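Notes to accompany the following structure.
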Amino acid sequence: MGGCSLTFTQNFTAVGGSLAWSAVVAVVPILYFFWALAIKKMKGYMAGLTTLLVSLLLAVFAFKVPAATAVMSATQGAVYGLLPIGWIIVTSVFLYNLTVKTGKFNIIRHSVLSITEDRRIQALLVAFSFGAFLEGAAGFGAPVAISAALLVGLGFNPLYAAGLCLIANTAPVAFGAIGVPITAMEGPTGIPALEISKMVGRQLPFLAVFIPFFLVFIMTGFKKAWEVMPAILVSGISFAVTQYLSSNFLGPELPDVLSALVSLFALAIFMKFWQPKTIYRFATERETTATLSTNESYSGATIVKAWSPFIILTIFISFWGIPAIKSALTGHYEGSNILLKGVNTLGQALTFMPEVPFLHNQVLNGTTGEPIAAVYKLELLGAAGTAILLAAIVTKFILQISWRHWGTTFMETINEIKFPLITICCVVGYAYVTNAAGMMTTLGLMLAKTGALFPFFSPVLGWLGVFITGSDTSSNVLFAKLQQVTAESVGMDPVLALAANSSGGVTGKMISPQSIAVAAAAVGLVGRESELLRFAVKYSIMLLLFICILTYLQSNVLAWMIP
């Protein structure tokens, strides 16, 4: 397809015959991306676009990749950034927007807040459970913005409301937006998303148990937190157990949605039978509390109807995750079930795997000398985003939205997230360019020199990536190959390294400039972002240290925890 003249063998000592100098050049695009976002404060999509250009130039001139090969590897990454990643983001934000446009979101909100007047329990319900639900359903800024604004509306101090929601958002981020951060790592590494999901599900539940206590402790101190310990334990343990089970047995798409719902309902039911001895309120907010419970009420049927889009979403995504159905949807089903055979025929018609021109089998692996296959993977029916779109179509009939209104909301959603989509395509494109050029392998070989200590530092890469990019997805795409290569060279399980990147990343989310900006804007603290950063940074480092120690132990004495 590209002719023999384009065949390129990866060279990990391309710059001056030295691994060290080659690694220095390979790290330039990463440093540039950090500089563009954190120091130059460039818009995300501009930082992504220029980083992609820098990586293309270095791949061609320093690592001697044929220009056509480098450019086509960028297009392969950009296509993967759009489908499946971008498609999930578009459809999940679209479904959320439908609930807002139809007013059902207000009912969802009210159903959460009518459970208790105690501010500590409200923080658990809104910042932790409800925030995690939004992270699972939409992600990308929505959870912190909505839950923080909601807490302020209830009378919480704006700085604390934003800070609490940023910290609460730690537990669910790795499985956010229907599992995109985990799914995104499968493409660059070739490791099945389910395996990574299992490992992350053996790390984050430890945080999930701790975070509810941590939130109430930050808010009220140890004594007041101890008063509601039964509620804290119900909230944290129900979330953690569901997160473990769903991530290990269903896959990366549903842990947040299911864990949040189980935690929400478990705490709501528990509050019917148990109440703290004293109702904790802020001194200035008695009136707000009094009016909240008497203002309006909704019947059970109305509340179920308001929640129905997300119930349907859960059902569709669950079906899409069943292995036999998944293989039929992508045209790979080989069983005898008549119905699945029919789905398989449709799946084959809607699955396209064209070879990438000038790239497919044109790059030879620098270690094995084997040609690397490169295809555009377009599974239109099998993509999780298609399941969400179908949920949005069913929602249209349940909530009785006109097709015109439905279509308008869809176009508004695309317009709303066009820049994040460009950013993701560029970052994924950059990751694919560096993979094809062997730049990530070069860095991995250099990092491997940390040897036995690498498992401890592995989560720091993820933390750094999310701090800079504001996205666990972007960080995972950026560092997945690097983690994989380094882990293999130091004898660490690569699945553990990828999970560590994602788990470490979630602890950086609360201090990323984008998250801080979203939280500050949502609660009216624009211009006071530095206060929010100071509030969150110490907690971020504490939680990161915990993940570092856990990952180190899991690579040694707790190796039985690796799937």
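Values below: every heavy atom of this structure, side chains too, minus hydrogens, waters and symmetry copies. Throughout, numbering of the chain's residues begins at 1 and tracks the sequence. Owing to the predicted nature of the structure, the values given are computational and were not obtained by experimental measurement.
- The ring pair (Phe, Tyr, Trp, His ring centres under 6.0 Å) with F133 is formed by just one residue from the set W307, F105, Y96; it is W307.
- Side-chain contact between F175 and V200 is present, with at least one heavy-atom pair separated by less than 4.5 Å.
- The nearest pair of heavy atoms linking A383 to W87 is CB-CD1, 3.9 Å.
- Taking CD1 of I167 as the reference point, atom OH of Y539 lies at 6.0 Å (rounded to 0.5 Å).
- Within the 4.5 Å cutoff, no side-chain heavy atoms of T551 are placed close to those of S503.
- In this structure, T220 contributes its side chain and V216 its backbone to a donor-acceptor pair below 3.5 Å.
- When all heavy atoms are compared, the tightest approach of A184 to T473 is CB-CG2, 3.9 Å.
- Ring geometry for F239 against F128 counts as tilted: the plane angle lies between 30° and 60°, on a 0 to 90° scale.
- Under the 6.0 Å cut-off for aromatic ring centres, F546 and F210 do not qualify, their centroids lying 6.0 Å or more apart.
- Side-chain atoms of L482 and N501, non-hydrogen and from C-beta on, never get closer than 4.5 Å to each other.
- Of all heavy-atom pairs spanning L461 and S475, the tightest one is O-OG, 4.3 Å.
- Between T434 and S55, the closest heavy-atom pair is CG2-CB, 4.3 Å.
- In plain terms, the two heavy atoms of P212 and A208 that are nearest each other are CD-O, 3.0 Å.
- Here C426 contributes atom SG and L421 contributes atom CG; the two are 11.0 Å apart, rounded to the nearest 0.5 Å.
- Counting only N and O atoms by type, the side chains of Q483 and N476 include no donor and acceptor under 3.5 Å apart.
- At a threshold of 4.5 Å between non-hydrogen side-chain atoms, the residues F310 and V257 do not count as touching.
- Residues P309 and L98 form no side-chain contact, since every pair of their non-hydrogen atoms from C-beta on lies 4.5 Å or further apart.
- More than 12 heavy atoms of other residues, nucleotides or ligands shown are found within 6.0 angstrom of CZ on F265.
- Side chains of Q122 and T116: no donor on one and acceptor on the other come within 3.5 Å.
- If you take CD1 on I30 and CE on M439, they are separated by 8.0 Å, rounding to the nearest 0.5 Å.
- For S259 and Q243, the side-chain atoms include no donor-acceptor pair closer than 3.5 Å.
- Counting heavy atoms from C-beta on, the side chains of M219 and F156 come closer than 4.5 Å.
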**Message:** If you apply the rule side-chain contact (heavy atoms from CB on, under 4.5 Å), what do you find for E253 with W320, and how did you get there?
**Reply:** CA-CA 10 Å; E253 292 86 6; W320 251 244; over 6 Å; no
**Request:** Kindly indicate, with the supporting measurements, whether the criterion side-chain contact (heavy atoms from CB on, under 4.5 Å) is fulfilled by L267 and S238.
**Result:** CA-CA 9 Å; L267 187 52; S238 61; over 6 Å; no
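- Residues S555 and D493 have side chains that never bring a donor and an acceptor to within less than 3.5 angstrom of each other.
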**Step-by-step side-chain hydrogen bond (donor to acceptor under 3.5 Å, both in side chains) determination, N248 to S197** = CA-CA 7 Å; N248 274 263; S197 173; over 6 Å; no
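- Distance check, rounded to the nearest 0.5 Å: CZ of F130 to CG of L124 gives 15.0 Å.
- The aromatic rings of Y160 and F535 lie perpendicular to each other, with more than 60° between the two planes, well past the 30° mark.
- If you look at Y430 and F33, their ring centroids are not closer than 6.0 Å.
- T189 places a side-chain N or O within donor-acceptor distance of the main-chain N or O of M185, the cut-off being under 3.5 Å.
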**Request:** Start with the C-alpha distance between K509 and T170, add both sets of side-chain angles, then the distance that settles side-chain contact (heavy atoms from CB on, under 4.5 Å), and finish with yes or no.
**Result:** CA-CA 7 Å; K509 180 85 170 176; T170 304; over 6 Å; no
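- The local environment of CZ in F217 is sparse, with at most 12 non-hydrogen atoms from other residues, nucleotides or ligands closer than 6.0 Å.
- Here the NZ atom belonging to K418 is positioned 9.0 Å from the OH atom belonging to Y45, to the nearest 0.5 angstrom.
- Between the CG atom in D472 and the CH2 atom in W463 there is a gap of 14.0 Å [rounded to 0.5 Å].
- In terms of heavy-atom proximity, P29 sits nearest to T51 at O-CG2, 3.5 Å.
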**Item:** Steps toward side-chain contact (heavy atoms from CB on, under 4.5 Å) verdict (K377, Q76)
**Value:** CA-CA 9 Å; K377 196 174 175 185; Q76 187 192 9; over 6 Å; no
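- Screening I182, I191, L496, L204 for a side chain to side chain contact (heavy atoms under 4.5 Å, CB included) with M199, the sole residue that qualifies is L496.
- Listed for the S263 side chain is a donor-acceptor partner under 3.5 Å among the backbone atoms of S235.
- Contact annotation: the side chain of V173 never approaches that of P181 to less than 4.5 Å [non-hydrogen atoms, C-beta and beyond].
- A heavy-atom distance below 4.5 Å is found between the side chains of K198 and L194.
- Using cut-offs of 30° and 60° on the angle between ring planes, the pair Y32 and W35 is tilted.
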